[in-house]
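Residue numbering restarts at 1 for every chain, and letters A, B, ... go by the order of the sequence lines.
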Protein chains: 2
Amino acid sequence: MAGRPTLRDVARRAGVSAGMAGRVLGNYGSYSEATRRKVKAAAKAVQYSPNVIARALKTRLTRTVGVLIPDITTFFWTTLVRGIQDRAARDGFSIVLCNSDEESHNEKAYLRTLVERSIDGLIICPTLDNHSFLARLSRGGTPVVLVDRHIPGLRAPSIRVDNRAGAAEAVTHLAALGHTRIAIIKGIDGVETSDERFAGYAQALRENRLRVRATLVKDGRFLKDRAFAATQELLMLKERPSAIFVCNEPMASGCMLALKESGLRMPQDISLIAFDDPVWAEYTSPPLTTVSQPSYTMGMLAFDYLLAQITDRTKAGKYLEEVVLKTTLIVRESCAGV
Amino acid sequence: MAGRPTLRDVARRAGVSAGMAGRVLGNYGSYSEATRRKVKAAAKAVQYSPNVIARALKTRLTRTVGVLIPDITTFFWTTLVRGIQDRAARDGFSIVLCNSDEESHNEKAYLRTLVERSIDGLIICPTLDNHSFLARLSRGGTPVVLVDRHIPGLRAPSIRVDNRAGAAEAVTHLAALGHTRIAIIKGIDGVETSDERFAGYAQALRENRLRVRATLVKDGRFLKDRAFAATQELLMLKERPSAIFVCNEPMASGCMLALKESGLRMPQDISLIAFDDPVWAEYTSPPLTTVSQPSYTMGMLAFDYLLAQITDRTKAGKYLEEVVLKTTLIVRESCAGV
DNA sequence: TTGTACGCGTTATCAG
DNA sequence: CTGATAACGCGTACAA
């Protein structure tokens with residue numbers, strides 16, 4: 001009896017057949033009270049626990065979901081993953097975690113291993129490529145839920161936020177304060193969240209009779225270092241911006257670092273608003289005005305929508321549900337009038 | 001041919017036996033160049049990928065490791081998990097993530113599901129209980145690596161930091177600045193990291209001819225809210241502390257919040273040092289002096305030590321390797337002389 | 001109510 | 001070099 005005890009071990013001990021033991025432990029079929037007690041006792045005695053692998057091979061259900069996101073290290077994603085995890089635990093699901101770093105070749109590799117592992121479903125924040133792979137997967141019957149972004153034409157629920165409105169609200173706030181030279185540090189061009197936030201920015205400028213000026217539009221690829229450099233470039237401009245809108249948390253870090261090094265005072269010399277509302281936004285000097293996303297809730301919702309598809313397989317790849325949540329502007333002290 | 005293509009599908013298409021197909025695809029045994037080509041071609045044609053579940057049932061190897069930590073939401077743990085994940089991906093391992101919230105009943109439940117899932121190994125930051133469960137697991141041949149804490153008597157490698165020295169360095173820094181009323185906000189009594197940090201605190205006080213005063217020792221349970229309350233209590237003391245040492249990042253948040261509400265100026269009125277060095281420590285007002293742990297490295301090491309045991313099963317539960325890394329005091333601006 | 005027997009998709013052994 | 005064939009542990013249809 002090297003490894004873990006099996007159903008046969010329990011059966012032998014209880015003096016019944018393996019099939020019988022399986023029935024009472026899995027409680028299906030029918031059996032007498034007497035055998036029930038014998039089997040239960042035997043199971044407890046040998047500390048039996050079912051072999052999930054064997055069960056999965058038979059049932060084709062693993063009670064495991066894949067979670068494929070850009071980077072667990074950022075506030076938005078840790079919080080969202082925690083939401084998924086909490087819901088998953090409640091329902092006896094395990095999650096296997098993968099970080100794509102926004103690289104589609106990483107994503108593709110993970111996608112492959114996840115499929116090979118026969119996950120019951122996938123929660124993914126997709127990069128720009130692999131859309132056809134996902135479409136095949138979804139049509140093939142694997143439940144998929146998109147978070148943070150969606151893929152036009154893919155019939156899978158997507159849980160996201162109204163990025164355009166959130167960005168517009170932030171920039172409107174800046175304009176109302178009298179700013180006319182408002183810069184933006186974007187994420188990755190082509191990525192929905194980045195494009196939409198830019199669209200919101202442009203819209204708000206337009207509504208305030210301001211123009212989008214190419215020199216004030218920077219690309220930060222959602223990365224701290226890129227945003228650091230972008231901020232430095234902005235500050236070297238002849239007509240430097242009086243306000244900056246950064247499109248996520250890591251870039252907010254980079255931006256603040258550059259601002260600090262420049263010696264400019266915030267908000268007297270320059271105003272800043274960031275998308276995402278990490279815990280630390282409250283403690284910075286000055287406290288940061290932010291656009292907050294309900295990331296924990298998004299995670300819970302994502303799992304719930306996935307579970308719905310898993311439970312009712314007929315739904316997988318059939319229903320397109322779009323959950324678009326609202327952001328909230330949290331006004332702190334990083335913006336001043338001009 | 002509903003589901004994924006199987007070895008038999010490939011074999012049929014290539015005109016060979018299933019066993020043969022298995023050999024070339026798994027490249028073991030021997031086969032002719034001709035069949036190799038036929039099988040490879042067939043596999044590509046039907047987009048064959050092995051069924052990991054079936055393989056796991058046979059080989060008893062899942063290429064999956066469990067990661068059981070207190071809370072993915074805190075900086076220390078996200079970073080450490082990222083380290084694990086990166087190494088795991090490199091070696092084709094998946095990780096399944098669980099958050100115990102420091103509750104041993106959660107931990108126990110997760111532990112059970114993890115073993116049921118036949119993980120190849122476990123990286124865990126153990127709570128106070130379940131030690132015997134872990135001992136059984138380890139003796140039973142499941143590779144285990146402890147992170148952040150260790151369990152006396154358990155023959156499993158542990159990757160941690162010299163908490164005592166780190167804390168002592170911080171408190172010595174405070175004492176050197178002339179502080180005599182130095183408070184500490186501890187984590188959870190009985191948990192190694194908390195106890196050791198407290199020991200370092202006490203040691204540093206002693207070395208500076210200061211006494212540990214019960215009124216200045218608070219319990220924060222590693223939680224933000226608790227630390228918030230603890231800080232308020234400290235500030236209401238007749239002889240309030242001139243400096244506070246908090247034992248982790250979430251508690252640093254709570255503490256700063258209370259400080260801010262109190263209207264006290266930092267560092268003029270009160271000094272603060274925190275264990276853990278989150279990205280935002282740089283941006284607070286004033287920037288926070290911290291004790292930094294190499295958490296990303298710890299994650300990578302943890303996986304490497306686990307993999308070593310997995311690869312050489314004879315090592316599992318046999319060798320006790322203690323990796324104790326150094327912390328570094330990062331002096332910023334949250335501490336002043338009295 | 002109970003036992004038997006087969007299959008899930010691999011890996012691995014044994015003849016030929 | 002190759003094809004049968006037997007596990008791995010569980011679920012389940014079928015027969016008793």
*asked:* What I want to check is whether the side chains of A/T64 and B/R117 have a donor and an acceptor closer together than 3.5 Å.
replied: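 There is such a pair (donor and acceptor under 3.5 Å, judged by atom type) between the side chains of A/T64 and B/R117.
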*Consider only side-chain N and O atoms of A/S104 and A/N130, and report whether a donor and an acceptor are under 3.5 Å apart.*
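Note: A/S104 and A/N130 side chains miss the donor-acceptor criterion.
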*Mind listing the closest non-hydrogen atom pair of A/Y28 and A/G22 along with its distance?*
CE2-O, 3.6 Å
_Nearest-0.5 Å distance that lies between atom CG in A/L114 and atom CG in A/L137_ =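 Between atom CG of A/L114 and atom CG of A/L137 there are 9.0 Å.
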*At what distance, to the nearest 0.5 angstrom, does OG of A/S32 lie from CZ of A/R37?*
9.5 Å
Rounded to the nearest angstrom, tell me the gap between atom [atom1] in [X] and atom [atom2] in [N].
X: B/I53; N: D/dG11; atom1: CD1; atom2: C1'; result: 16 Å
X: A/Y28; N: D/dC10; atom1: OH; atom2: P; result: 10 Å
X: B/L61; N: D/dG9; atom1: CG; atom2: P; result: 14 Å
X: A/L57; N: C/dC8; atom1: CG; atom2: P; result: 9 Å
X: A/N51; N: C/dG9; atom1: CG; atom2: P; result: 17 Å
X: A/Y31; N: D/dT12; atom1: OH; atom2: P; result: 14 Å
X: B/R8; N: C/dT11; atom1: CZ; atom2: C1'; result: 15 Å
X: B/R55; N: C/dC8; atom1: CZ; atom2: P; result: 18 Å

Please determine if a side-chain N or O atom of [X] lies less than 4.0 Å away from the OP1 or OP2 oxygen of [N].
X: A/T6; N: D/dG9; answer: no
X: B/R23; N: D/dC1; answer: no
X: B/T59; N: C/dT10; answer: no

*Toward the 5' end of DNA chain D, which comes first, A/G26 or B/G29, by nearest nucleotide?*
B/G29
*Which residue, A/A54 or B/S30, contacts DNA chain D at a nucleotide closer to its 5' end, judged by nearest heavy atom?*
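That would be B/S30.
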*Looking at every strand, decide which applies to B/V52 at a 4.0 Å heavy-atom threshold: base, sugar-phosphate, or nothing.*
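Touches nothing.
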*Using a 4.0 Å heavy-atom cut-off across all strands, classify A/L7 as base, sugar-phosphate, or nothing.*
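Counting heavy atoms under 4.0 Å across all strands, the contact made by A/L7 is with sugar-phosphate only.
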*asked:* Looking at B/K58 and D/dA7, is any side-chain donor or acceptor paired with a base atom of the opposite kind under 3.5 Å?
replied: yes
